[in-house]
Structure formats: C-alpha cells, structure tokens
Q: 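This is the structure I have questions about; it appears just below.
All ligand and atom numbering here is 1-based and tracks the order in the structure. By convention here, the first residue in the shown sequence is residue 1.
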Amino acid sequence: MSGPVSGPVIAVHGGAGGLGEELQSRAAEYRAALTNALMSGAAALRAGGGALDAVRVAVMTMEDFPLMNAGHGAALCQDGSVELSASAMRGSDRAAGAVALIRRTRNPVAAAAALIEEPEVLLAGERADAFAAAYGLEQRDPSEFVTERQRARLAGRSSGDGGTVGAVCLDGDGVLAAATSTGGLQGQRPGRVGDSPLIGAGTWADRHVAVSCTGKGEAFVRAGAARLLGALVAGGVALQDAARAVLDAVAECDGDGGLIAVDARGQVVLPFSAGAMPRGVWRGGEDIVVEVP
Ligand code: ASP
C-alpha cells in the first residue's frame, strides 16, 4: 500500500450485545472506561511501545473494569464459575498468542501477549495460568473475578449480555495489532471456548488490517470472521465493505455482533449488527471520541 502512514490510531470496543438499561443508566462509567483504555494505549505508544503494547494495555484497562465481560466482572458459566480467554496478534510478522479457559490470571490479555514471544500460539486451562504465573503475571483466587452483578444475571434477577473487550492499533511505524478478551457467554457450558481466543475467528492482524470481533462466538468461528476480513482487505476490498461482508457471513451462521478494525492507512471501522456496542477511537493529535449508545 502506498502513501504516508496515518498512524498512530487506536480503537476499542466494550462488546456487542443487548446491554440495555444498564448501558444507559451507567453510560458515564462505560464512557470513562473506554476513555481510560484509549488513554492508557496512547501512553504506551508515547512511552516507546508498539502497536502490540498499546492493544495489550488498552485491553488490560478494560479487563479491570467490572462492568465489562473480561477479567474481573466477567460473565459466569452455568455453574457460577469464571473461565477467561484472550488473544493478541501483531500484524508485521503475524506473531500471535492466546489463552483459553484460565481462572487465575488477573489480566488474560497479558498472558496472551506474553505467549507471542513463544513458539506456541494457544495455551488452555490451568497450564495456561501456570505459564502466566511463571512469566510473573499477577494471580488471583478464581472467586475474586466473580461479581454480585454477574451472579444476579445468572440467577435471572437482572438482564444483559455482551461486554467482551477488544482493541486494535496502527502505530507510528505502521505496525498493526489486535487483542480481544472475554469471559464468554453468560450461562455458557463450562469448558466452552468461543471466538475470542481463536486467531482468525475473534482476532486477526496482518500487514493490511487488524480486527477484534465480539458477538455470538460460535457464528464468528464458523464464519472464520477475523481472517475473512484480512483476506478481503488484502484482496483490495474497501475496509467498510469488507467489514459488512464479514457481519453478513456471521449472520449466515445465525449470529450477530460487531467488530472494530483499522487498516494500514489508519482508516477505522466499528460496525455492529447487535443491539449496542460501546466503542471509541483515539487518533494521535486529535481528541478521543467515545460512543456509548
Ligand atoms: N464472542 C464472545 C464469545 O462468544 C462473547 C462476546 O463477544 O460477547 O465468547
């Protein structure tokens, strides 16, 4: 692709779904969380980090925010337990790391990013937590991820879904990266793995585009959603058209959701087919724009 690189730019999402009343009544908190995520990603770039650092730090900020479905405050499985999954990918060399079904690591995306330097792409279960612990990442008792808000949802005392988090970045050197983190679907069967930790389904980055998806994971897996976007953009399809085609492919697999993507020219798209998707963009030299419906 020719022309000057228009990075740096970071985009984040707080999950596609029907967050409904809570999203409206607590919109200020969601806005602050997205803004903090973008500010921390931008600070990572200013401190000399690359696109991968920026998406890792932005997603960690949202994992620590209890109203989003990742890290502390994640959705609960049928049995009331938390199982966390995350992935990260750097576009310049397609290096990727992912963890699934972890229960102790405070920031799953940090474990995924740490794995980027290792030959393996995906670790699952308690051995993945052990890898993260050996890498020096903070460990917590599994009960500490469980919030009263999610218990009430599981018990049917309140409604709402969504809240998976993700970030994409084009840094000033033209490197793209993406990361996604989730607790999965509320009330899911223990052991279920959705699209978020699967490279090519929920997350993808190459030299052309970086994308983080959210929504009904099975449909994104069956559509090969994130990789499909990469292939379409590499084939010359305009980013917006490619993103629409991906959500159409997800719909054909009986799913809805959304995605955020940035291409090598710094163009950003944030489409969604589900009820709502809190999202935001930071562009170097410009103000942060956050949209919480
Ligand atoms: N895609 C996630 C999953 O299926 C959930 C979400 O994005 O809300 O696990």
Side-chain angles (χ1 to χ4, degrees), residues 11-20 22-23 30 33-34 37 59 62-63 65-71 73-78 81-89 98-103 108-109 112 122 124 145 149-150 153-154 159-168 178-204 211-229 243 246-247 249-251 253-261 270-279 292-293:
V12 295
H13 70 76
L19 289 159
E22 185 182 63
L23 190 56
Y30 282 94
L34 293 168
V59 169
M62 294 186 284
E63 286 176 337
F65 175 62
L67 298 188
M68 287 177 183
N69 172 17
L76 305 182
C77 298
Q78 265 168 14
S81 66
V82 167
E83 293 185 328
L84 304 169
S85 298
S87 60
M89 188 168 189
V99 291
L101 307 177
I102 63 174
R103 305 191 64 202
V109 74
L122 171 62
F145 294 100
R149 168 178 170 270
Q150 291 289 9
R153 284 183 167 186
L154 188 66
S159 63
D161 58 5
T164 289
V165 304
V168 294
T180 311
S181 183
T182 191
L185 296 178
Q186 182 189 301
Q188 68 188 359
R189 186 192 298 268
R192 168 195 180 265
V193 175
D195 60 317
S196 308
L198 301 183
I199 297 299
T203 301
W204 179 259
V211 55
S212 168
C213 301
T214 169
K216 190 178 165 201
E218 282 70 13
F220 282 78
V221 173
R222 290 165 57 210
R227 182 67 187 96
L228 176 59
L229 186 82
V246 168
L247 292 184
V250 169
C253 297
D254 304 317
D256 61 8
L259 61 86
I260 56 171
L270 312 98
F272 56 98
S273 54
M277 187 178 79
R279 57 206 183 276
V292 176

Q: Who are the side chain to side chain donor-acceptor pair (under 3.5 Å) partners of Thr180, not counting sequence neighbours?
A: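 Result, side chain to side chain donor-acceptor pair (under 3.5 Å) vs Thr180: Thr203, Ser212.
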
Q: Taking 4.0 Å as the limit for heavy-atom contacts, which would you say applies to Ser196 with ligand 1: side chain only, backbone only, both, or neither?
A: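 Ser196 to ligand 1: side-chain contact only, backbone stays beyond 4.0 Å.
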
Q: Would you mind listing which atoms of ligand 1 come within a distance below 4.0 Å of any non-hydrogen atom of Asp195?
A: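 So the answer, numbered in order with elements, is 1 (N), 2 (C), 3 (C), 4 (O).
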
Q: Quick check: does Gly217 get an N/O under 3.5 Å from an N/O on ligand 1?
A: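 Among all N and O atoms of Gly217, at least one is under 3.5 Å from an N or O of ligand 1.
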
Q: Of the backbone atoms (N, CA, C, O) and the side-chain heavy atoms from C-beta on, which set of Glu83 has a member under 4.0 Å from an atom of ligand 1: side chain, backbone, both, or neither?
A: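 Looking at Glu83 and ligand 1, no heavy atom falls under 4.0 Å.
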
Q: Taking C-beta and beyond as the side chain, do Glu218 and Cys253 meet within less than 4.5 Å on heavy atoms?
A: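 Heavy-atom side-chain distance check fails, nothing below 4.5 Å.
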
Q: Taking side chain to side chain donor-acceptor pair (under 3.5 Å) as the test, write out the residues that go with Gln186, two or more places apart.
A: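 With neighbours one apart ignored, the set is empty.
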
Q: side-chain contact (heavy atoms from CB on, under 4.5 Å), that's the test. Do Leu34 and His13 meet it? Break it down for me.
A: CA-CA 8 Å; Leu34 293 168; His13 70 76; over 6 Å; no

Q: Within the 4.0 Å heavy-atom shell around Thr214, which atoms of ligand 1 are there?
A: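 Under 4.0 Å from Thr214, ligand 1 has these atoms: 6 (C), 7 (O), 8 (O).
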
Q: When rounded to the nearest 0.5 angstrom, what distance separates CD1 in Ile260 from CZ in Arg279?
A: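 Those atoms lie 11.0 Å apart.
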
Q: Return the option from Gly215, Pro197, Gly184 holding the heavy atom at the smallest distance from atom 2 (C) of ligand 1.
A: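 Answer by nearest heavy atom: Gly215.
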
Q: Counting only N and O atoms by type, is there a donor-acceptor contact under 3.5 Å from the side chain of Gln188 to the main-chain atoms of Gly183?
A: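 Looks like yes, one N/O pair under 3.5 Å.
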
Q: Under 4.0 Å from a heavy atom of Leu185: which atoms of ligand 1 are those, numbered in the order shown and with their elements?
A: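 Ligand 1 atoms under the 4.0 Å threshold to Leu185: 4 (O), 5 (C).
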
Q: Just to confirm my output: which protein heavy-atom neighbour is closest to atom 6 (C) of ligand 1, and how far is it?
A: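 For atom 6 (C) of ligand 1, the nearest protein heavy atom is Thr164 OG1, 2.8 Å.
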
Q: To check your reading of the model: name the closest protein heavy atom to atom 9 (O) of ligand 1, its residue, and the distance in Å.
A: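 For this ligand atom, the closest protein heavy atom is Arg192 NH1, 3.0 Å.
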
Q: Look only at the side chain of Ser87 and the backbone of Ser196, and say whether a donor-acceptor pair between them is shorter than 3.5 Å.
A: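 Such a contact is found between Ser87 side chain and Ser196 backbone.
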
